[in-house]
Amino acid sequence: MYARPPRVSFRRRPLPHLIALLGASLAQGAQADGFIEDSHANLTLRNYYLDRDYQDDGAKSEAREWAQGFILKFQSGFTPGPLGFGLDATGLLGVKLDSSPSRSGTELLPVSPSSGRAADEYSRLGLTGKMKFDKTLLQAGDLNLALPSALSSPSRLLPQTFRGAYLTSAQVEGLTLHGGYVDRIAKRNSTDYEAMTVASPNGRFNGRATTSHMAFAGADYGLSPALTLKAHYLEVADLYDQGYLGALHKAPVGPGTLSTDVRAFFSDENGSAEAGKVDNTHLSLQFAYALGGNRWTLGYAHQLGDTATPYISGTELMGISEMTMSSDYLNAKERMWQAIWDYDFAAAGVPGLSARMRYVRGDHIELASLNASDRKEREAQWEMGYVIQGGPLRGVGFRVRQSFYRNDFPTGAAFRDENQTRFLVTYTLPIW
């Protein structure tokens with residue numbers, strides 16, 4: 001048995017008023033020393049090709065698109081004084097290079113529901129006011145979150161963000177506190193903010209139900225240089241709540257370093273439970289050993305309870321299956337294990353070159369909406385990347401990723417047998 005984290009209730013906050021207050025403060029001090037002097041800006045170019053070659057008998061045999069992304073970021077410094085103010089701005093533009101209605105749907109580009117045709121281009125502007133006191137930072141507006149239960153997805157052309165307020169504080173040495181309130185999400189292939197829903201592949205939950213807000217609180221504590229403990233709580237109003245406990249330990253073992261990563265998520269319904277029943281405990285344990293340019297990883301995750309692990313649609317959960325390409329491995333009753341080998345070729349005299357091999361397997365899967373139980377899935381994945389180290393193209397990065405995914409799910413399941421290929425070229429140009 002486990003003890004569920006206490007249920008916490010967050011009242012709705014006047015977020016637009018908070019953003020307006022920050023904006024007014026910025027207008028008064030924008031010319032002060034520090035705001036401009038400590039600012040910087042850069043432009044990131046992302047050229048992305050994604051190809052899903054389905055291997056089953058589904059109606060759509062492929063999803064294949066090519067797009068160009070532009071990410072312009074400006075980050076100000078802070079106005080002087082005990083209480084400093086600043087402003088960040090992110091301009092996002094995605095441009096279609098190749099697509100058609102018969103093979104759209106890679107989530108690189110927004111798609112018209114009626115015609116299946118991808119947009120020629122899409123864009124949005126994200127503004128974030130910020131206020132700093134000593135080691136405490138408050139941000140309001142467009143947010144990029146990296147929380148155990150809410151990871152802004154980085155895996156498509158443009159980043160996924162939230163609209164809300166986020167407070168972090170590191171006033172106590174070794175302790176970082178987190179707290180926040182979010183009321184909208186901007187998905188990675190969207191031009192605007194929308195209400196949040198729960199991810200529902202294979203009809204796990206009621207994916208049409210929306211929430212008014214998501215609120216969270218948490219703490220990360222470095223008990224020692226080798227051991228970090230984490231405790232977080234997330235409430236998605238009227239859909240679900242989720243507690244998280246984690247521990248990361250690193251220690252020298254022989255000539256290398258052994259890392260131990262323990263994660264536990266405890267999820268149930270919240271409020272009026274409009275997403276349907278939520279009853280899940282997700283436990284995982286992972287060991288990684290680093291030696292020279294090598295890093296070998298073994299991990300195991302176990303799902304308990306009657307449902308899958310919930311997470312916000314369009315985001316990723318920081319379970320040990322994050323960054324897989326063809327499935328999330330979070331189905332009800334699923335037992336998942338994985339083996340990963342990473343290699344940094346700098347150890348062999350080739351800086352900038354890296355590689356990864358990964359094998360993931362899940363079994364004992366229950367798909368209640370499809371009347372299926374004791375099902376299996378597996379994925380073999382490899383990737384290689386290189387960043388040019390010198391010359392006029394210095395900093396240009398290339399990455400190719402490929403996965404081969406198979407399962408024995410019934411026809412109509414969300415995750416389909418496929419061979420998937422991704423090719424990404426990136427370059428960040430400093431402006432000042």
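This chain uses plain numbering: 1 for the first residue, then up along the sequence. These numbers were taken from a predicted model, which means no experiment stands behind them.
- Aromatic pair Y244/F265: centroids less than 6.0 angstrom apart.
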Practice task
Test side chain to side chain donor-acceptor pair (under 3.5 Å) on Y311 and D328 and set out the steps.
Solution key: CA-CA 11 Å; Y311 59 96; D328 58 13; 2.7 Å; yes

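- To the nearest 0.5 Å, atom CD1 of residue I320 and atom CG of residue D261 are 8.0 Å apart.
- Every salt bridge (charged side-chain N to carboxylate O under 4.0 Å, His left out) that E107 has, sequence neighbours left out, goes to R156, R188.
- Taking the side chain as every heavy atom from C-beta outward, V400 and W382 approach each other to under 4.5 Å.
- Counting heavy atoms from C-beta outward, S327 and Y405 have side chains that approach closer than 4.5 Å.
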Practice task
Go through the steps for R52 and R416 under the test side chain to side chain contact (heavy atoms under 4.5 Å, CB included), then give the verdict.
Solution key: CA-CA 10 Å; R52 292 182 183 269; R416 300 172 55 186; over 6 Å; no

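- Under the ring pair (Phe, Tyr, Trp, His ring centres under 6.0 Å) criterion, Y359 pairs with W337, sequence neighbours left out.
- Annotation for Y300: atom OH counts as buried by contact number, over 12 foreign heavy atoms lying within 6.0 Å.
- Residues that satisfy the ring pair (Phe, Tyr, Trp, His ring centres under 6.0 Å) test with Y329, not counting sequence neighbours, are absent from this structure.
- Residues satisfying the salt bridge (charged side-chain N to carboxylate O under 4.0 Å, His left out) test with D344, not counting sequence neighbours, are none.
- When T428, I71, L72 are each tested for a side chain to side chain contact (heavy atoms under 4.5 Å, CB included) with N42, only one passes: T428.
- Put simply, CD1 on I185 and OG1 on T210 are 12.5 Å apart, with the number rounded to the nearest 0.5 Å.
- Nearest heavy atoms, A195 versus R184: N-CD, 3.5 Å.
- Between D88 and K130 there is a salt bridge, with a side-chain nitrogen of the basic residue lying less than 4.0 Å from a carboxylate oxygen of the acidic one.
- At a threshold of 4.5 Å between non-hydrogen side-chain atoms, the residues S99 and S104 count as touching.
- Side-chain atoms of R117 never come within 3.5 Å of backbone atoms of S112 as a donor-acceptor pair (strictly under, hydrogens ignored).
- Residues forming a salt bridge (charged side-chain N to carboxylate O under 4.0 Å, His left out) with E383 (at least two apart in sequence, or on another chain): R399, R401.
- In this structure, Y54 has no side chain to side chain donor-acceptor pair (under 3.5 Å) partners at least two apart in sequence or on a different chain.
- Residues satisfying the ring pair (Phe, Tyr, Trp, His ring centres under 6.0 Å) criterion with Y343, sequence neighbours excluded, are W341, F345.
- Of the possible donor and acceptor atoms, one in the side chain of R46 sits under 3.5 Å from a partner among the backbone N and O of L157.
- Under a 3.5 Å cut-off, the side chain of E379 and the backbone N or O of M325 do form a donor-acceptor pair.
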Table please: side-chain donor-acceptor pairs of residues 173-180 below 3.5 Å, with sequence neighbours left out.
{"unit_1": "H178", "atom_1": "ND1", "unit_2": "Y166", "atom_2": "OH", "d": "2.7"}
{"unit_1": "H178", "atom_1": "NE2", "unit_2": "D220", "atom_2": "OD2", "d": "3.0"}

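- Taking the side chain to side chain donor-acceptor pair (under 3.5 Å) definition, one finds that K96 meets it with D120, sequence neighbours left out.
- A donor-acceptor pair is defined here as one N or O able to donate and one able to accept, closer than 3.5 Å; such a pair exists between the side chain of T128 and the backbone of D142.
- Counting heavy-atom neighbours within 6.0 Å of W66 CH2, excluding the residue itself, gives a total of 12 or less.
- Listed by chain and residue number, W432 satisfy the side chain to side chain donor-acceptor pair (under 3.5 Å) test with S39 (two or more places apart in sequence, or in another chain).
- Side-chain polar atoms of R358 and Q338 form a donor-acceptor pair below 3.5 angstrom.
- A distance-only check finds a donor-acceptor pair linking the side chain of E65 to the backbone of T106 [under 3.5 Å].
- No more than 12 heavy atoms of other residues, nucleotides or ligands shown are found within 6.0 angstrom of NZ on K135.
- The backbone N or O of N407 sits less than 3.5 Å from a side-chain atom of D417, completing a donor-acceptor pair.
- Not counting sequence neighbours, the partners of R103 by the side-chain contact (heavy atoms from CB on, under 4.5 Å) test are E62, R64, D98, S100.
- With sequence neighbours excluded, no residue forms a salt bridge (charged side-chain N to carboxylate O under 4.0 Å, His left out) with D134.
- In this structure a side-chain-to-backbone donor-acceptor pair under 3.5 Å is missing from Y181 to M214.
- If you check the side chains of N280 and R204, you find no donor sitting under 3.5 Å from an acceptor.
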